[in-house]
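Notes to accompany the following structure.
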Amino acid sequence: QVDVVESGGGSVQAGGSLRLSCVVPEYGINGRCMAWFRQLPGKEREGVATDTSAGSTVYADSVKGRFTVSRDNTKNTLYLQMDSLKPEDTAMYYCAASPYGGSTCDWDEYRYWGQGTQVTVSS
């Protein structure tokens, strides 16, 4: 069993901020590729941000400059700081953990997923 637990979602007005957290309490995140995905209503799941085990980050063009992914390995926690939120950011957000690590991460390598946390942005 690999627990991946997201929290921090909610409803905000456009221009507001949220900070999502993802705790992997037993499996841990140290040395692993970690990522945030989201699924917009009626659309397929898409990658949002990746935080590699080496400290580099990759963002989808749609969120670049507004979202920031970070980690605290001592707390086994991955974060997604979401600023300047737009209605089109409304989605279910998922945290995912990879068995692997390194300086680069493949969007397809994630094996362990959280249940999702809903983010709703109103205009």
Side-chain angles (χ1 to χ4, degrees):
Q1 181 183 7
V2 176
D3 292 328
V4 180
V5 184
E6 304 110 325
S7 63
S11 298
V12 298
Q13 295 188 152
S17 297
L18 288 171
R19 191 192 196 196
L20 307 184
S21 297
C22 170
V23 181
V24 188
E26 303 295 335
Y27 195 61
I29 70 169
N30 191 29
R32 307 187 186 283
C33 292
M34 298 290 298
W36 291 96
F37 293 77
R38 69 184 183 185
Q39 188 168 20
L40 278 67
K43 297 185 178 180
E44 297 181 356
R45 185 177 293 177
E46 63 185 27
V48 175
T50 295
D51 185 63
T52 76
S53 60
S56 62
T57 57
V58 177
Y59 297 93
D61 288 343
S62 59
V63 307
K64 192 172 296 183
R66 300 187 297 117
F67 291 9
T68 303
V69 64
S70 62
R71 68 169 66 203
D72 185 339
N73 287 324
T74 66
K75 297 180 179 179
N76 290 326
T77 302
L78 184 77
Y79 302 98
L80 185 67
Q81 180 66 44
M82 309 167 69
D83 297 320
S84 302
L85 283 162
K86 304 175 180 179
E88 52 262 45
D89 294 319
T90 295
M92 184 72 74
Y93 284 74
Y94 298 90
C95 177
S98 172
Y100 313 109
S103 59
T104 60
C105 303
D106 191 321
W107 287 109
D108 295 327
E109 73 180 69
Y110 298 95
R111 298 175 64 89
Y112 307 110
W113 296 80
Q115 78 289 344
T117 185
Q118 178 67 39
V119 171
T120 302
V121 185
S122 60
S123 60

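With sequence neighbours excluded, the residues that form a salt bridge (Lys or Arg N to Asp or Glu O under 4.0 Å) with K64 are D61. Taking the side chain to side chain donor-acceptor pair (under 3.5 Å) definition, one finds that Q39 meets it with nothing, sequence neighbours left out. D89 meets the side chain to side chain donor-acceptor pair (under 3.5 Å) test with R38, R66; sequence neighbours excluded. Residues meeting the side chain to side chain donor-acceptor pair (under 3.5 Å) test with T52, sequence neighbours left out: S56. Y93 is linked by a ring pair (Phe, Tyr, Trp, His ring centres under 6.0 Å) to nothing, counting only residues two or more places apart in sequence or in another chain.
Here the closest non-hydrogen pair linking C95 and E6 is N-OE2, 2.6 Å. Taking all atoms of both residues into account, the shortest heavy-atom contact from C33 to G102 is SG-N, 4.4 Å. Closest approach of P87 and S122 over heavy atoms only: CG-C, 4.4 Å.
No chain of hydrophobic side-chain contacts below 4.5 Å, direct or via other Ile, Leu, Val, Met, Phe, Trp or Tyr residues, connects V119 to Y94. A chain of hydrophobic side-chain contacts below 4.5 Å, direct or via other Ile, Leu, Val, Met, Phe, Trp or Tyr residues, connects V2 to M34.
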Carefully, step by step, assess L78 and W36 under the rule side chain to side chain contact (heavy atoms under 4.5 Å, CB included).
CA-CA 9 Å; L78 184 77; W36 291 96; 3.3 Å; yes
Full working for side chain to side chain contact (heavy atoms under 4.5 Å, CB included) between R45 and W113:
CA-CA 12 Å; R45 185 177 293 177; W113 296 80; 3.2 Å; yes
Determine, stepwise, if the pair N76 / R71 fulfils side chain to side chain contact (heavy atoms under 4.5 Å, CB included).
CA-CA 8 Å; N76 290 326; R71 68 169 66 203; over 6 Å; no
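Annotation: side chain of L40 is in contact with side chain of E46 (closest heavy-atom distance under 4.5 Å). At a threshold of 4.5 Å between non-hydrogen side-chain atoms, the residues T90 and Q118 count as touching. Two residues are said to be in side-chain contact when any heavy atoms from C-beta on lie closer than 4.5 Å; V69 and T50 fail this criterion.
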Tabulate below the donor-acceptor pairs under 3.5 Å that side-chain atoms of residues 7-30 make, not counting sequence neighbours, or state none.
{"unit_1": "S17", "atom_1": "OG", "unit_2": "D83", "atom_2": "OD1", "d": "2.7"}
{"unit_1": "Y27", "atom_1": "OH", "unit_2": "R32", "atom_2": "NH1", "d": "3.1"}
{"unit_1": "N30", "atom_1": "OD1", "unit_2": "N73", "atom_2": "ND2", "d": "3.3"}

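Under the ring-ring contact (aromatic ring centres under 6.0 Å, His included) criterion, no residue pair touches residues 45-90, with sequence neighbours excluded. Contacts classified as side chain to side chain donor-acceptor pair (under 3.5 Å) and involving residues 95-108 (residues at least two apart or in different chains) are given here: S98-E109. Note on residues 34-93: no pairs pass disulfide (SG to SG under 2.5 Å), not counting sequence neighbours.
Using cut-offs of 30° and 60° on the angle between ring planes, the pair F37 and Y110 is perpendicular.
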